[in-house]
Structure formats: structure tokens, C-alpha cells
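Heads up: the structure comes next, in C-alpha cells.
Everything quoted here is computed from the prediction, not taken from an experiment. In what follows, chains carry the letters A, B, and so on, assigned in the order in which the sequence lines appear, proteins first and then strands, with residues in each chain numbered from 1.
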Amino acid sequence: MGTIQKNLGLKHKYMAYTTAAGALAAYPKRIPSGAVAQKELDGVGQKIGLKIQEILDTGKLKKLDQYNSDPKIVTLNLLCRVTGVGPAAARKWIDSGVKTIEDLKKEKLNHHQEIGVKYFEDFEKRIPRSEMQEIKNIVKTSISQLDQLITVKICGSYRRGSESSGDVDVLITHPKFTNEKKEQKDTFDLIKRIVDRLEKIKFLTDHLANGTQQYMGVCKIPKEGAIARRIDIKLFPKESFYTALLHFTGSGEHNRQLSCIAINKGFKLSEFSITPVGSTGVEGAPIPVQSEKEIYDILGIPFRKPSE
DNA sequence: AAGACGTCGCATATGC
DNA sequence: GCACATGCGA
DNA sequence: GTCTT
């Protein structure tokens with residue numbers, strides 16, 4: 001239900017379903033009824049409570065079955081699986097008769113969508129940890145040849161120890177790239193230089209977005225039959241590096257927990273900084289941190305490694 | 001009853 | 001050509 | 001769709 005709401009453009013309903021599903025999954029006991037779910041679980045209200053009851057009673061959800069038997073919804077869900085295609089583009093095409101990915105190939109696509117169609121199957125395949133390690137080696141080696149002072153971290157589920165990942169999330173920083181430089185919009189073309197190099201060795205095969213702070217693209221390891229993988233490279237100023245590292249290592253759920261703890265203890269935690277928030281709600285200057293552990297220390301909770 | 005719900009970089013569209 | 005809006009991804 | 005104001 002959540003995915004359908006998102007593809008319809010109702011992102012807050014999508015969030016509501018995601019929150020409710022998370023609360024349900026985290027609940028230790030069996031839920032005996034929709035009414036109990038509504039009473040016990042934050043994020044489950046009347047409507048989702050009734051849906052839970054329906055599933056308990058009948059094993060299915062009429063509303064969802066209706067959606068899934070609606071050809072327009074089926075097509076909407078299909079088209080939105082192409083990266084670069086969202087609710088607005090999908091709706092436009094469905095109205096003009098597009099039904100399949102093959103149909104989509106004949107339409108006028110922007111560059112991002114062209115790549116999305118080109119690698120439609122590849123991008124849905126998981127990346128085994130062994131391949132993530134190969135990718136990490138290639139990226140780290142190339143970047144250190146460029147400038148030894150660049151710090152490189154592969155974040156996401158890989159850093160949490162997962163046996164497979166959905167994409168490659170690379171976070172970098174450089175001692176000379178500071179908030180001040182960022183604010184002055186100094187042309188710090190680190191990303192461009194890295195991308196040039198990784199392109200030259202044929203590791204990067206396509207680009208989706210190529211800016212001064214953020215790159216999104218496609219990579220392949222140099223092996224026969226290698227699968228195209230989504231890779232992002234983000235550059236953060238050194239002051240933000242550890243909050244960014246924490247944030248992009250996740251998980252999303254862990255981030256929400258930390259953010260909640262931070263608020264309760266009078267702080268605000270984001271990928272950019274951790275700041276004190278006074279009782280009046282006025283935000284103070286960012287607290288400098290030199291490691292992930294220092295952030296946990298400020299929050300007054302025991303440090304847990306990414307894999308925990 | 002009504003508004004918030006994360007926020008921002010990048011590509012591209014839109015209007016001047 | 002520039003300033004701002006929109007779509008999208010994360 | 002849910003929660004808060």
C-alpha cells in the first residue's frame with residue numbers, strides 16, 4: 001500500500017504506511033486485533049487498524065487487491081521502478097498509452113531515464129559483499145593515487161556488514177575542504193577529478209548527476225559479464241564528515257532513533273552537524289567531533305559499531 | 001479543522 | 001542568458 | 001494516513 005501511495009505522488013501517506021509497518025515489525029508480541037494495534041502502536045490509527053483487522057480476519061486486503069487488479073496502477077508501479085521516473089512522469093506516460101518498459105524506450109526520455117531503462121534489470125539486482133569489496137579496492141586505490149589526503153568510506157549496508165547491498169555509497173572528505181570553503185563556493189573540483197579518473201579506467205560507465213558536492217552514476221567491475229551498479233559519491237566538508245558518516249551508514253531506523261535521543265537530550269543531529277538546542281528552541285553552534293564515538297558520547301549513550 | 005510530515009543537490013523545465 | 005520552479009533521488 | 005496544535 002505504501003509503495004502505491006508513493007507512486008501516486010502521496011509521499012506522506014507512503015511515510016505513514018512505512019512508519020506503521022515498522023512499528024508492527026518491532027512489536028514483540030502477536031497482535032490479536034486491529035483495535036489493539038491502533039491502541040498499542042504509534043503510527044497505527046483508525047484506517048490502518050481496520051486494515052490490520054481485515055487481514056487478520058480474511059488473510060488479505062480488498063483495497064490492495066483492487067489496486068493490484070487495476071492496470072493503470074500495475075503500470076504505474078512498473079514505470080516507477082525505472083530510476084529517474086517518478087509519479088509525475090509515470091502518470092503522463094500512462095495517460096498517453098505507455099504500458100511496458102519496451103513502450104517507454106520509444107518515448108522522449110531525459111538522460112537519467114535513458115540510463116534507468118538501459119540498466120533496468122541490472123539495477124534491481126543485489127550486489128554481493130565480495131563484489132562490494134572489489135569495488136571498494138578500485139575506488140580507494142584510484143582516489144589515493146589522486147590525492148593521499150582524501151578520506152574514502154564506503155557507507156550504507158556494506159559498512160554495517162551486510163552480505164549484500166543495493167548500491168554503492170561513497171563518502172569522501174579532504175582536510176582542505178572546510179565549511180568556509182563550501183560557503184565561499186570555492187571551486188573544489190575534487191569530485192570532478194575523481195570522476196574523470198574513474199571514467200578513464202572504465203570503472204564508471206554512465207553519469208546521472210555530476211556536481212561539485214555530489215555524484216550519481218553507474219559503475220562496473222572489470223570482469224566479463226559484470227553487472228552495472230548504481231554508485232554515489234558525496235563530498236562533505238571535514239567539519240561534517242563524522243556526522244555524515246554516521247548518517248549515511250544508517251540504517252534509516254537507527255538514524256531515526258539517534259535523532260530522537262538527540263532531541264530528548266537537547267541536541268539536533270543531522271548529516272551536517274550536531275548542535276545544542278536551548279530550552280527556547282534556539283539552535284547553537286555545531287559541536288566539533290573527531291569520530292563517530294564522540295557523537296555517541298555527546299548523546300550520553302554507549303558507542304555501537306556500524307555492524308551492531 | 002488544519003498543517004506538518006527531512007532536506008537538499010542536481011538536471012531540466014519555465015518564464016522573462 | 002538568467003532566475004526561479006519542479007521532479008527526482010537519497 | 002497519523003499526529004499535533
Self-check item: Exercise: identify the closest heavy-atom pair between A:P87 and A:N7
Solution: CB-O, 3.2 Å
Quiz item: If you group Ile, Leu, Val, Met, Phe, Trp and Tyr by side-chain heavy-atom gaps below 4.5 Å, do A:L146 and A:Y215 land in one group?
Solution: yes
Quiz prompt | Within residues 51-71 of chain A: residues closer than 4.0 Å to DNA chain D (heavy atoms) | solution = A:K51
Quiz item: On DNA chain B, nearest-nucleotide positions of A:Y215 versus A:H247: which is more 5'?
Solution: A:H247
Quiz item: Looking across every strand, which nucleic acid part, if any, lies under 4.0 Å from A:Y14 by heavy atom: base, sugar-phosphate, or nothing?
Solution: nothing
Quiz item: Got a donor-acceptor contact below 3.5 angstrom from the A:R129 side chain to the A:S162 backbone?
Solution: yes
Quiz item: Does A:D169 pair with A:R159 as a salt bridge, N-O distance under 4.0 Å?
Solution: no
Practice problem: Start with the C-alpha gap between A:T275 and A:E283, add the side-chain angles, then the distance that decides, and say whether side chain to side chain donor-acceptor pair (under 3.5 Å) holds. | Solution: CA-CA 7 Å; A:T275 58; A:E283 199 175 331; 3.1 Å; yes
Quiz item: Any ion pair linking A:K293 and A:D297 (charged N to carboxylate O, less than 4.0 Å)?
Solution: yes
Exercise. State, without any angle test, whether A:D70 and A:Q66 hold a side-chain donor-acceptor pair at a distance under 3.5 Å.
Key: no
Exercise. Look at A:R160 together with A:E308 and state whether they make a salt bridge at an N to O cut-off of under 4.0 Å.
Key: no
Quiz item: So, A:E102 and A:K105, do they make that salt bridge, N to O below 4.0 Å?
Solution: yes
Return the polar atom pairs (N/O with N/O) between nucleotides 7-10 of chain C and the protein under 3.5 Å, or none.
| residue | atom | partner | partner atom | Å |
| --- | --- | --- | --- | --- |
| C:dC8 | OP1 | A:G86 | N | 2.9 |
| C:dC8 | OP1 | A:G86 | O | 3.3 |
| C:dC8 | OP1 | A:A89 | N | 3.0 |
| C:dC8 | OP2 | A:P87 | N | 3.4 |
| C:dC8 | OP2 | A:A88 | N | 3.1 |
| C:dG9 | OP1 | A:G84 | N | 2.8 |
| C:dG9 | OP1 | A:V85 | O | 3.4 |
| C:dA10 | OP1 | A:R230 | NH2 | 2.8 |

Exercise. Start with the C-alpha distance between A:K305 and A:E292, add both sets of side-chain angles, then the distance that settles salt bridge (charged side-chain N to carboxylate O under 4.0 Å, His left out), and finish with yes or no.
Key: CA-CA 9 Å; A:K305 282 188 281 191; A:E292 287 169 300; over 6 Å; no
Quiz item: Got a minute to check which stems DNA chain B is part of, using Watson-Crick or G-U wobble pairs under 3.5 Å, three or more consecutive?
Solution: B:1-5 with D:1-5, B:7-12 with C:5-10, B:14-16 with C:1-3
Quiz item: Any ion pair linking A:D206 and A:K118 (charged N to carboxylate O, less than 4.0 Å)?
Solution: yes
Practice problem: Using a cut-off of strictly less than 4.0 Å between a heavy atom of the residue and any atom of DNA chain B, enumerate the qualifying residues of residues 202-210 of chain A by number. | Solution: A:L208, A:A209, A:N210
Self-check item: Integer angstrom distance from the C1' of C:dC4 to that of B:dG9
Solution: 15 Å
Exercise. Starting at atom CG of A:L24, determine the distance to atom P of D:dG1, rounded to an integer number of angstrom.
Key: 17 Å
Self-check item: Cation over ring face, A:R81 and A:F120, 6.0 Å, 45°
Solution: no
Quiz item: Taking the six-membered ring of A:Y67, is the NZ or CZ of A:K63 close enough (under 6.0 Å from the centre) and on axis enough (within 45°)?
Solution: yes
Self-check item: Pair A:K106 + A:D103, salt bridge at N-O below 4.0 Å
Solution: yes
Quiz prompt | Co-members of A:F236 in a cluster of I, L, V, M, F, W and Y side chains, linked at under 4.5 Å | solution = A:L171, A:F241, A:Y242, A:L245, A:L246, A:F248, A:L258, A:I261, A:F267, A:L269, A:F272, A:I274, A:I287, A:V289, A:I295, A:Y296, A:I298, A:L299, A:I301, A:F303
Quiz item: If you pin A:E271 and A:G211 to their nearest nucleotides in DNA chain B, which one's is more 5'?
Solution: A:E271
Exercise. Provide the distance between the two P atoms, one in B:dG3 and one in C:dA10, to the nearest whole Å.
Key: 32 Å
Exercise. Select base, sugar-phosphate, or nothing to describe what A:K47 touches, counting heavy atoms under 4.0 Å on all strands.
Key: sugar-phosphate
Quiz prompt | Residues A:K223, A:E134: salt bridge by 4.0 Å N-O rule | solution = yes
Quiz item: Rounding to a whole Å, what distance do you find between A:N110:CG and C:dT6:C1'?
Solution: 13 Å
Practice problem: Identify the 5'-most and 3'-most nucleotides of DNA chain B with at least one atom closer than 4.0 Å to a non-hydrogen atom of chain A. | Solution: B:dC5 to B:dT12
Quiz prompt | Separation of the C1' atoms in C:dC8 and B:dG6, to the nearest angstrom | solution = 15 Å
Exercise. Could you check whether A:Q46 gets within reach of a base, just the sugar-phosphate, or nothing at all, counting any heavy atom under 4.0 Å?
Key: sugar-phosphate
